[in-house]
2 protein chains.
Amino acid sequence: MSAEENLLKLVESEEPDDQDYHLQEQVGFILRKAHQRHVSIFAAHIGDLTPPQFAALAKLRDVGETSQNQLGTLIAMDAATVKGVIDRLKARGLVELSKHEVDKRRLLVNLTAEGRDAIERLIPLAREITRETLAPLSAKEIATFMKLLAKLA
Amino acid sequence: MSAEENLLKLVESEEPDDQDYHLQEQVGFILRKAHQRHVSIFAAHIGDLTPPQFAALAKLRDVGETSQNQLGTLIAMDAATVKGVIDRLKARGLVELSKHEVDKRRLLVNLTAEGRDAIERLIPLAREITRETLAPLSAKEIATFMKLLAKLA
DNA sequence: GGGAATTCATTCGTATGCAAATGATATCAA
DNA sequence: TTGATATCATTTGCATACGAATGAATTCCC
């Protein structure tokens, strides 16, 4: 039975045959592989920064100073994860931390001059990473894919 | 400028404006979020096994006994990662290890009876996970999306 | 046959990613 | 006002994920 037939069955809630379960046809598995491929392309172009670190810098460039938690929300990282990312960016002098004057719970994060330079310099590379990641698709396919992927995310 | 216009520019290698770089429109970022969402759906249905652990069991069910490295290749994990996954499955009695008689470098992995029971029991849940992950899309969109995603992975 | 290159597995180090527990602060509501 | 709740941040523990280095075994090829 083809992958398409299996998917159709699945969506229509027909009774599936366990013999027809194939890992390599499952969204989750392919999603994981596509993500892996992208990370690999990213690393080939930007070796000294990870995608999450880049995301933090890029978002700080957009929104300016924010709290660590708020930044995490903006780039889809939980509090524990964002802390590690910010710690490492701080250790490299790309971001600086300060206390919120009014709300003493908050830890404000902002780009340093060096961090701003870095993100501006990296954005053209990031465009190339996006281009290369999408290279297997035609322009029309890219438009379709991005629309559907956004629905899933 | 719209996301679509930016993508078109990018694909056609026109000069982009750095002001128009938006993290939330980049494939990598959305791919990461879609993957996160899937993992979360997976955890809600199968709490005592991770997607990589499930993948290892499902693939062993397909192919039977294989070497650890070969299994890693089949489920897209490098040697270091697959070792950890197999170690944990072994600790739980779901797989068993043995030495290859001829090629003494190889470590053979196979399902135990318990492991086989587990994967058979979990496959219906995995179908439901796939269904729920794809729920935001129509049947037609699913077919399109899976085709394009496969091209990227 | 034997040295070079390859393959298999392990280990180490670093970096996400998330659940759960904790502490400090802020807000809400009776 | 104060007690319950909620929010922000940190820490711990566990599980991927991968590069790089290492050692053992095999294969390649002259």
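In the text below, chain A, chain B and the rest are named by the order of the sequence lines, each starting its count at 1.
- Distances shown here put a side-chain N or O of B:Gln68 below 4.0 Å from the OP1 or OP2 atom of C:dT10.
- When the nearest nucleotides of DNA chain C are assigned to A:Val85 and B:Ser67 by heavy-atom distance, the more 5′-ward of the two goes with B:Ser67.
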Inset, instruction - In sequence, state the C-alpha distance, the side-chain angles, and the governing distance for A:Asp62 and A:Lys59, and then conclude on salt bridge (Lys or Arg N to Asp or Glu O under 4.0 Å). - result: CA-CA 5 Å; A:Asp62 279 357; A:Lys59 187 49 77 177; 3.8 Å; yes

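- Where A:Val39 and A:Ala80 meet DNA chain D, the nucleotide closest to each residue was compared, and A:Ala80 sits on the side nearer the 5' end.
- Contact annotation: A:Thr50 side-chain N/O to C:dA15 OP1/OP2 distance is not under 4.0 Å.
- Nearest approach of A:Ile75 to A:Ala56, heavy atoms of both residues: CD1-CA, 3.8 Å.
- B:Lys104 places its NZ atom 17 Å from the P atom of C:dC8, with the value rounded to the nearest Å.
- Not one side-chain nitrogen or oxygen of A:Thr81 sits closer than 4.0 Å to the OP1 or OP2 atom of C:dT16.
- To the nearest angstrom, P of D:dT16 lies 18 Å from CZ of B:Arg32.
- Note on B:Asp78: a base of the nucleic acid sits closer than 4.0 angstrom, heavy atoms only.
- OP1 or OP2 of C:dT16 has at least one side-chain nitrogen or oxygen of A:Arg88 nearer than 4.0 Å.
- As a whole-Å value, the separation of B:Ile86 CD1 from D:dA17 C1' is 15 Å.
- One finds no salt bridge joining B:Glu114 and B:Arg92 here, because no Lys/Arg side-chain nitrogen approaches an Asp/Glu carboxylate oxygen to under 4.0 Å.
- Contact annotation for A:Val109: no contact, since no heavy-atom pair falls under 4.0 Å across all strands.
- Relative orientation of the B:Phe42 and B:Phe54 rings is perpendicular, given thresholds of 30° and 60° on the angle between their planes.
- Proximity of B:Arg106 to the phosphate of D:dT26: no side-chain N or O atom is located under 4.0 Å from OP1 or OP2.
- Using a 4.0 Å cut-off, no side-chain N or O of B:Arg105 falls inside it from OP1 or OP2 of C:dT10.
- Separating the CG atom of A:Leu108 from the P atom of C:dT25 is a distance of 16 Å, rounded to the nearest angstrom.
- Residues A:Asp117 and A:Arg121 are not paired through a salt bridge, judged by the lack of any N-O separation under 4.0 Å between the basic side chain and the carboxylate.
- Within the 4.0 Å cut-off from OP1 or OP2 of C:dT7, not a single side-chain nitrogen or oxygen of B:Gln70 is found.
- When the P atom of D:dG19 is taken as reference, atom CD1 of A:Ile46 falls 16 Å away, rounded to whole Å.
- The separation between B:Lys83 atom NZ and D:dT22 atom C1' is 15 Å, rounded to whole Å.
- Atom CG in B:Asp48 sits roughly 14 Å away from atom C1' in D:dA15 (whole-Å rounding).
- Note: CG (A:Asn69) to C1' (D:dA9) measures 6 Å, nearest angstrom.
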